[in-house]
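Below: one structure, written as structure tokens.
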Amino acid sequence: GNEAGPDMWRASDGLKGKPLLVVRGANSAILSAATAEATRTLVAHCDVVTVPETGHAPTLDEPEAVAGIDRLLARIS
């Protein structure tokens with residue numbers, strides 16, 4: 001079938017008020033820039049990092065990802 005899957009927007013309600021980092025590949029066909037920005041709007045403490053020239057699964061060792069992770073850890077430590 002062509003099921004839509006779970007409603008992740010409802011799940012994001014539990015993230016409100018908590019630090020969140022979204023790391024997306026610029027070439028992702030799964031997580032669009034518009035969806036990442038909508039998440040930033042919905043979750044006040046959300047940082048969005050886009051890794052250039054990368055598909056859906058960044059390896060998290062890219063400089064942009066490392067900088068985002070460092071910012072997230074600084075906020076929670």
Side-chain angles (χ1 to χ4, degrees):
N2 190 11
E3 296 181 25
D7 181 358
M8 297 308 292
W9 292 115
R10 284 188 14 209
S12 68
D13 285 343
L15 299 172
K16 289 182 180 176
K18 296 174 178 60
L20 176 67
L21 173 64
V22 173
V23 179
R24 67 172 294 274
N27 301 333
S28 176
I30 297 171
L31 179 58
S32 71
T35 299
E37 287 304 316
T39 305
R40 183 194 321 248
T41 301
L42 185 65
V43 180
H45 302 284
C46 179
D47 185 13
V48 175
V49 172
T50 300
V51 179
E53 300 179 28
T54 302
H56 179 65
T59 60
L60 303 183
D61 66 353
E62 303 89 355
E64 298 84 1
V66 170
I69 293 166
D70 287 345
R71 286 192 304 272
L72 176 66
L73 293 175
R75 290 189 304 177
I76 62 174
S77 59

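We number each residue from 1, following the sequence as shown.
- The shortest distance between side-chain heavy atoms of Val22 and Val43 does not fall below 4.5 Å.
- Counting all heavy atoms, side chain and backbone alike, Pro52 lies closest to Ala26 at CA-CB, 3.9 Å.
- In this structure, Ile76 shares a hydrophobic cluster with Leu21, Val23, Val49, Val51, Leu60, Ile69, Leu72, Leu73, the cluster being traced through Ile, Leu, Val, Met, Phe, Trp and Tyr side chains under 4.5 angstrom apart.
- The CG atom of Asn27 sits 7.0 Å away from the OG1 atom of Thr54 when rounded to the nearest 0.5 Å.
- Taking each heavy atom of Pro58 and Gly55 in turn, the nearest pair found is CD-O, 4.1 Å.
- Formation of a donor-acceptor pair under 3.5 Å by the Arg24 side chain with backbone atoms of Thr35 is not found in this model.
- Note that CD of Glu62 is 11.5 Å distant from OG1 of Thr50, once rounded to the nearest 0.5 Å.
- Residues Asp47 and Arg75 share a closest heavy-atom pair of CB-NH2, 4.3 Å.
- Residue pairs meeting the salt bridge (Lys or Arg N to Asp or Glu O under 4.0 Å) criterion with at least one member in residues 31-41, sequence neighbours excluded: Glu37-Arg40.
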